[in-house]
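A quick write-up on the structure given underneath.
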Amino acid sequence: MRALHTAFLLGTGLFWTAAYVLLIRTGLRERTFGMPVVAFATNISWEFMFSFVRPPSGLMQVINIVWFCFDLAIGYTLVRFGRAEFPYLPRPLFLPALAAVLLLAYPGMNFASEQFDHGEGALTAFGSNVAMSAMFLAMLAARRGVRGQSLAIALTKLIGTGCASLTLLTDPDAVPRHETALMHYFYVACFVLDAAYAYAVYAVRRHAGEAGRAAAAPAREAGLPVHGLDG
């Protein structure tokens, strides 16, 4: 059981690291950010807390520090390109609003961890992941397209969070408060929302591809070059 637990822990680190790299690369390439703002705020707050303030022992601390560094890079894409995603917000208010969200996120995560999980990070990690998964779906709908997103991001996030759930389920040293109906609800909700997001990204990309081919058909019939489809 312990070997299986370690394998799932490594899978969590590997697939979520891949998701971070893809989020950063896609954001830089498409000049946007790929993680919803509130999800970013809770995520970087959690990773700071459990990297430097109350770090776990062993491999998980190393993974948390790596993730925190990647979150800083995601934060760069948010600061650099984020204003364009909120055209209704006056430009001078964007950075103060972002700072306010970050300032609210950290104490909220800290109080929830202390009050409900004895200062540990499992409950807040999965609770915020449920919210994050829903926010990815909302971002896809709000942008009406996959700008800053990709099926690879969706799949690595799905697999990484699934491995995290299995890491706790196979933990030989699991504490009773991590074997509750609430935690099992978090595991299922994360999987369902992440799977829905992956399918939604696939469906939106497929629809966009079909629409592009349909729009190009008249030009092809007329023997004209089609930008992006013909060389």
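Start at 1 with the first residue, then count along the sequence.
- A search for side-chain contact (heavy atoms from CB on, under 4.5 Å) contacts involving Pro87 returns nothing, not counting sequence neighbours.
- The side-chain contact (heavy atoms from CB on, under 4.5 Å) check on Ile159 picks up Phe15, Cys163, with sequence neighbours excluded.
- Counting only distance, with no hydrogens or angles, the side chain of Asp171 and the backbone of Thr167 share no donor-acceptor pair below 3.5 Å.
- No donor-acceptor pair closer than 3.5 Å links the side chain of Thr26 to the backbone N or O of Leu23.
- Side-chain N or O atoms of Trp46 include one that pairs as donor or acceptor with a backbone N or O of Gly121 at under 3.5 Å.
- Linking Ile, Leu, Val, Met, Phe, Trp and Tyr residues whenever their side-chain heavy atoms come within less than 4.5 Å leaves Leu103 and Leu98 in two separate clusters.
- Rounded to the nearest 0.5 Å, atoms CG (Leu166) and CG (Leu9) are 12.0 Å apart.
- Without hydrogens or angle criteria, Thr42 side chain to Val38 main chain gives a donor-acceptor distance under 3.5 Å.
- Judged by distance alone, the side chain of Ser51 and the main-chain N or O of Asn64 form a donor-acceptor pair under 3.5 Å.
- Linking ILVMFWY side-chain heavy atoms closer than 4.5 Å, directly or via other members, places Met139 and Phe86 in a single hydrophobic cluster.
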task: Dump the intermediate steps for ring pair (Phe, Tyr, Trp, His ring centres under 6.0 Å) on Tyr187 and Phe191, then the final yes or no.
output: CA-CA 6 Å; Tyr187 303 150; Phe191 179 81; over 10 Å; no
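- Within the structure, the side-chain hydrogen bond (donor to acceptor under 3.5 Å, both in side chains) test picks out the following pairs touching residues 87-110 (sequence neighbours left out): Arg54-Asn110.
- Considering only heavy atoms from C-beta on, Phe8 stays 4.5 Å or farther from Leu168 through its side chain.
- Separation of the Phe40 and Phe33 ring centroids does not fall under the 6.0 Å cut-off.
- For the pair His118 (side chain) and Glu114 (backbone), a donor-acceptor distance under 3.5 Å is absent.
- Here the side chains of Val66 and Phe70 are in contact, with some heavy-atom distance below 4.5 Å.
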